[in-house]
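Below is one structure, written out as structure tokens, with a few remarks after it.
Just so it is clear, the values below take in all heavy atoms, side chains as well, and ignore hydrogens, waters and symmetry mates.
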Amino acid sequence: VLPEQPSTSGAHDMAPAAAPATFKSLGLSDWLCSVCSSLGMARPTEVQVGCIPAILEGRDVIGLAQTGSGKTAAFALPILQRLARDPYGV
């Protein structure tokens, strides 16, 4: 049995748990969030959380994830948002 070591981390060292991401928090418009909800997409997947904000900022993105992880939506949702904003300027 090893002797108990005193904790070196205090409460101030603990970061609060981040709230789960929502499509709204990723920067998608209200109407697109409603569409996601109506399609049964309650929360964004990991690949969507990683890609959507960057795409909305206009950055180039490569997403690597398993089949069924939401990659297509990760790329299509920002495209739809931009098309809705300016359908002739894309």
Side-chain angles (χ1 to χ4, degrees):
V1 175
L2 297 174
E4 185 174 323
Q5 297 293 320
S7 175
T8 58
S9 65
H12 64 280
D13 294 335
M14 308 248 335
T22 63
F23 287 105
K24 182 71 175 173
S25 71
L26 298 182
L28 294 180
S29 62
D30 290 334
W31 75 268
L32 206 44
C33 292
S34 294
V35 169
C36 290
S37 180
S38 71
L39 293 172
M41 298 166 59
R43 296 257 179 226
T45 64
E46 186 176 344
V47 71
Q48 292 163 351
V49 169
C51 292
I52 290 173
I55 295 169
L56 290 173
E57 292 173 4
R59 295 177 21 216
D60 294 336
V61 174
I62 297 174
L64 179 64
Q66 290 185 313
T67 300
S69 63
K71 291 183 301 292
T72 301
F75 293 98
L77 292 171
I79 292 169
L80 291 171
Q81 181 156 307
R82 182 142 185 216
L83 280 171
R85 185 177 58 228
D86 186 9
Y88 302 105
V90 174

Quick one: closest heavy-atom pair of [X] and [Y], and the distance?
X     : Y     : value
Cys51 : Gly63 : SG-CA, 4.1 Å
Gln48 : Pro53 : O-CD, 3.9 Å
Ala21 : Pro44 : O-CD, 3.3 Å

Donor-acceptor under 3.5 Å ([X] side chain, [Y] main chain):
X     : Y     : value
Gln81 : Leu32 : no
Ser37 : Cys33 : no
Lys71 : Ala65 : yes
Ser38 : Val35 : yes

Once rounded to the nearest 0.5 Å, what's the spacing between atom [atom1] of [X] and atom [atom2] of [Y]?
X     : Y     : atom1 : atom2 : result
Leu80 : Cys36 : CG    : SG    : 9.0 Å
Ile52 : Thr45 : CD1   : OG1   : 7.5 Å
Leu56 : Leu28 : CG    : CG    : 5.5 Å

Worksheet item: Got a sec, which residues hit salt bridge (charged side-chain N to carboxylate O under 4.0 Å, His left out) with Arg85, two or more places apart in sequence or on another chain?
Response: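 Arg85 satisfies salt bridge (charged side-chain N to carboxylate O under 4.0 Å, His left out) with no residue once adjacent residues are dropped.
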Worksheet item: In this structure, are over 12 heavy atoms from other groups packed under 6.0 Å from Leu64 atom CG?
Response: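 It does not: Leu64 CG has 12 such atoms or fewer within range.
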Discussion item. Do Leu26 and Leu77 land in one hydrophobic cluster if side-chain heavy atoms of ILVMFWY residues count as linked below 4.5 Å?
Written reply: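 Looking at the clustering, Leu77 is in the same group as Leu26.
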Worksheet item: Between Ile79 and Val61, is there a shared hydrophobic cluster once you connect ILVMFWY residues whose side-chain heavy atoms come closer than 4.5 Å?
Response: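 No; Val61 is not reachable from Ile79 via cluster members.
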Worksheet item: Could you give all pairs that pass the side-chain hydrogen bond (donor to acceptor under 3.5 Å, both in side chains) test and reach residues 52-65, with sequence neighbours left out?
Response: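 Of all non-adjacent pairs touching residues 52-65, those that pass side-chain hydrogen bond (donor to acceptor under 3.5 Å, both in side chains) are Glu57-Arg59.
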